[in-house]
Amino acid sequence: RMYRTGDKVRYREDGTLQFCGRVDFQVKLRGHRIEMGEVEAHLLRLAGVSEAVATVWEPQAGDQRLVAYVVTAAEFEEETARQQLAGSVPEYMVPNLFVVLDALPLTPNGKIDRKALPTPTGSASRSTSTEYVSPVNDVQVRLAAIWRELLGVERVGARDNFFDLGGHSLLTLQLAARTAEEFGCSFEPAQVFVSPVLEDMGAVLSGDREMSSRAVVPLREAGEGAPIYCMCGIQLYQELAEALGDSQPFLAMYVPEEEVFLAGANADPNAVKELARAYYDLIRQRHDGSPLRLLGFCFGGAVAFEVAQLAEADGLDVESVILLEAVLWNRLQRRNLVRAGNLMRRALEQGPRAVVRQLQDRLRGEPGATGDLGNEGQRLAVLAERMGGYSPTGTVKAKVILVRTRDEAMYSTWRVTPSLGWEDHLPSGFDSIVLDGTHLSLLRQPVVGELAAQIRPLLPARTKES
C-alpha cells in the first residue's frame, strides 16, 4: 500500500532520500520556491491579524504576484505590515498585494476555499509611503499608462517607484521595449534600475536628464563584506544573493555590450574581451578599494575570468573568482567506455558542441528549468553556446573556486577533472566544490542553499575597509 504524503524528495547517489519540501501549496515565483504556509505563519504574527491566506495571482501571462488575504478586527496598515514582514522574511516573500476580508471563504467541510477567494483589484496593489501625486505632463501621463498596463494597477503617480508597485527584473525588459516603442527612442533596461521613479524616468525621456545604458543592480547591498560582482545575469543570481545572507553585498550588472555579444554569430575571442572590458569599466566606476570578488555562471564564468585578468593587470586586489558550471569543454577528454552500443557511440562522436546543444534544448524547453525565467532561458541558451566555443588565454593569480554539479546528462560521457579544464590558467591552484543537482538547478533552492553554505567559508572574513 502506498500513501501520498505531500513530501517532495529526491534520491541521492548513495540511495538515501533527501527531503526537498512540500508539493502542496509550494509555489515558484520568479525563480523562488515559496511555501505558502510559511508566508501565512508570518502574516499571523502581524498585530490584529486573526486569519491569513497567501496565494499567487497572475493578472496576465508571465506576471505573477504574491497576494495576502487577511482577516483583522483592527484597521490594517499595509505599509506597517510590509515593514514588519521585511524584517523577518526575504523580500520575495513579502506580498505584492494585500486584501482585507471580513472572513475567509470556507468549503462545506469547514476548510478554507482558496478557489472562492476574491480576485485582487488594482486598488489592492502594492502601495508606498509616498503621497500620491498625479502625472504632471504628457510624458508622465503616457509613461503611467504603460506602467498601469504592465503592473496591473489602477493608478500610478509621478512619485511612484516601479519596483515598489510590483515591478521586477523581467518586467523591466517589457517596460524598456514598450517605452522605446511609445516614444520612438532607444531605451535601455538599465535605465529602469537607474531611474525607477516615474517622474525621474519621464525627465530622462524629456531630455532633462542624461540616459544611462548601463547599471549596477544591488541584489544585496547591505553588509560589511567585500561585494561580489556577478557577470551575465541579474534575476539569475537572486536566490544565491539571498542564500549568502545579509553580511555579503551582491551586485549584478547590466551592460549593452552583452546584447551585442549575444547577437553575434560566434564566441569571437575579441568579442569576449570587449564584453569583459565593458563589465570591468563599470566595476571601476563603483570600486571603493575593497578586494574584488567576481562570480559567473556558465559563460558568465568565462567573463569573470577575463575581468579578473584585466583587474590584475591594473594592479587591483582580486581576492576571489567563483566559476559556476563554467566548463572548458574543448579541454576535456571523452571517456573510454568499454561498451559502445549505438547510443553510446553517438554520444562519443558528438563532441562538446553536442553537449552544449543538449543543454540549450533543456534551457529552452524544460518546464521550470530556469526558475520560470521566460526570456532569460533563451538568453542562457545562447550563452551556453558561447561557452562551448570559448578558449581562454592567460592566467589569473587570484583564489579561484570551481563549482560543478553531478549532472549526469552533461558529464556522463566526459572525463571531468576537478579543474574543469582550467588547470593551465590557474597557477595558484583552486578550490573545488561538487554538488548534487543539475546545471539548471544550481542557482535554485534547495541546491543554491548548499552552494552558499560551501562558498561562504572559502571567502576571507574581511570587511570593505580591510
Side-chain angles (χ1 to χ4, degrees), residues 190 213-220 225-234 236-237 240-241 244 248-262 264 267-328 379-380 382-384 386-387 389-403 420-422 424-428 430-431 443 455 458-460 464:
S213 62
R214 56 200 71 232
V216 175
V217 183
L219 299 181
R220 177 76 70 175
I228 291 176
Y229 292 90
C230 58
M231 316 291 152
C232 299
I234 297 177
L236 176 68
Y237 297 107
L240 178 57
L244 284 171
Q248 178 57 66
F250 201 100
L251 307 175
M253 293 177 287
Y254 175 84
V255 294
E257 286 83 358
E258 183 178 324
E259 304 303 324
V260 175
F261 179 80
L262 290 173
D268 177 69
N270 292 328
V272 177
K273 293 184 182 301
E274 289 172 6
L275 177 58
R277 170 62 67 178
Y279 275 112
Y280 177 61
D281 290 344
L282 189 56
I283 291 172
R284 287 303 302 263
Q285 292 175 18
R286 186 185 176 99
H287 187 232
D288 59 1
S290 61
L292 285 180
R293 294 175 174 176
L294 307 173
L295 179 146
F297 172 76
C298 193
F299 185 76
V303 177
F305 177 83
E306 297 286 342
V307 170
Q309 289 190 85
L310 292 171
E312 288 186 344
D314 280 353
L316 298 187
D317 178 11
V318 182
E319 178 192 270
S320 307
V321 183
I322 306 169
L323 308 183
L324 309 177
E325 289 277 275
V327 184
L328 296 181
R379 184 178 150 281
L380 289 175
V382 178
L383 288 174
R386 299 294 186 266
M387 191 67 200
Y390 173 69
S391 294
T393 58
T395 62
V396 297
K397 301 176 183 177
K399 176 189 185 72
V400 174
I401 302 172
L402 297 176
V403 180
L420 304 182
W422 290 93
D424 294 338
H425 306 280
L426 310 177
S428 300
F430 58 91
D431 289 301
L443 292 174
I455 286 178
L458 298 178
L459 298 176
K464 295 176 183 178

What class does the angle between the rings of Tyr390 and Phe299 fall in, given that below 30° is parallel, 30 to 60° is tilted and above 60° is perpendicular?
-> perpendicular

Taking the inter-plane angle between the rings of Phe305 and His425 on a 0 to 90° scale, is it parallel (under 30°), tilted (30 to 60°) or perpendicular (over 60°)?
->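 Rings of Phe305 and His425: perpendicular, over 60°.
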
Please check if the side chain of [X] supplies one atom and the backbone of [Y] the other of a donor-acceptor pair under 3.5 Å.
X	Y	result
Ser320	Arg293	no
Glu312	Ala398	yes
Gln309	Thr393	yes
Trp422	Ala326	yes
Asp288	Ser290	yes

Report yes if the side chains of [X] and [Y] come closer than 4.5 Å at any heavy-atom pair, otherwise no.
X	Y	value
Asp314	Arg284	yes
Leu240	Leu324	yes
Leu426	Val321	no
Glu319	Lys399	no

Could you pull out the closest heavy-atom pair between [X] and [Y], with the gap in Å?
X	Y	result
Lys397	Ser428	O-OG, 2.9 Å
Thr395	Asp424	CG2-O, 3.7 Å
Leu323	Gly301	CD2-O, 3.2 Å
Cys232	Tyr279	N-OH, 3.1 Å
Gly233	Ala252	O-CB, 3.6 Å
Pro227	Leu251	CB-CD1, 3.9 Å

Spacing of [X] atom [atom1] and [Y] atom [atom2] [to the nearest 0.5 Å]:
X	Y	atom1	atom2	value
Leu282	Arg277	CG	CZ	13.0 Å
Met253	Arg286	CE	CZ	10.0 Å
Phe297	Leu236	CZ	CG	6.0 Å

side-chain contact (heavy atoms from CB on, under 4.5 Å) between Ile228 and Arg220, intermediate numbers included = CA-CA 10 Å; Ile228 291 176; Arg220 177 76 70 175; over 6 Å; no

Under the side-chain contact (heavy atoms from CB on, under 4.5 Å) criterion, do Leu316 and His287 qualify, and how do the steps go?
-> CA-CA 10 Å; Leu316 298 187; His287 187 232; 4.2 Å; yes

Could you go through the side-chain contact (heavy atoms from CB on, under 4.5 Å) check for Ile283 and Leu294 one step at a time?
-> CA-CA 10 Å; Ile283 291 172; Leu294 307 173; 4.0 Å; yes

Check the pair Ile322 / Leu458 against side-chain contact (heavy atoms from CB on, under 4.5 Å), numbers first and verdict last.
-> CA-CA 10 Å; Ile322 306 169; Leu458 298 178; over 6 Å; no

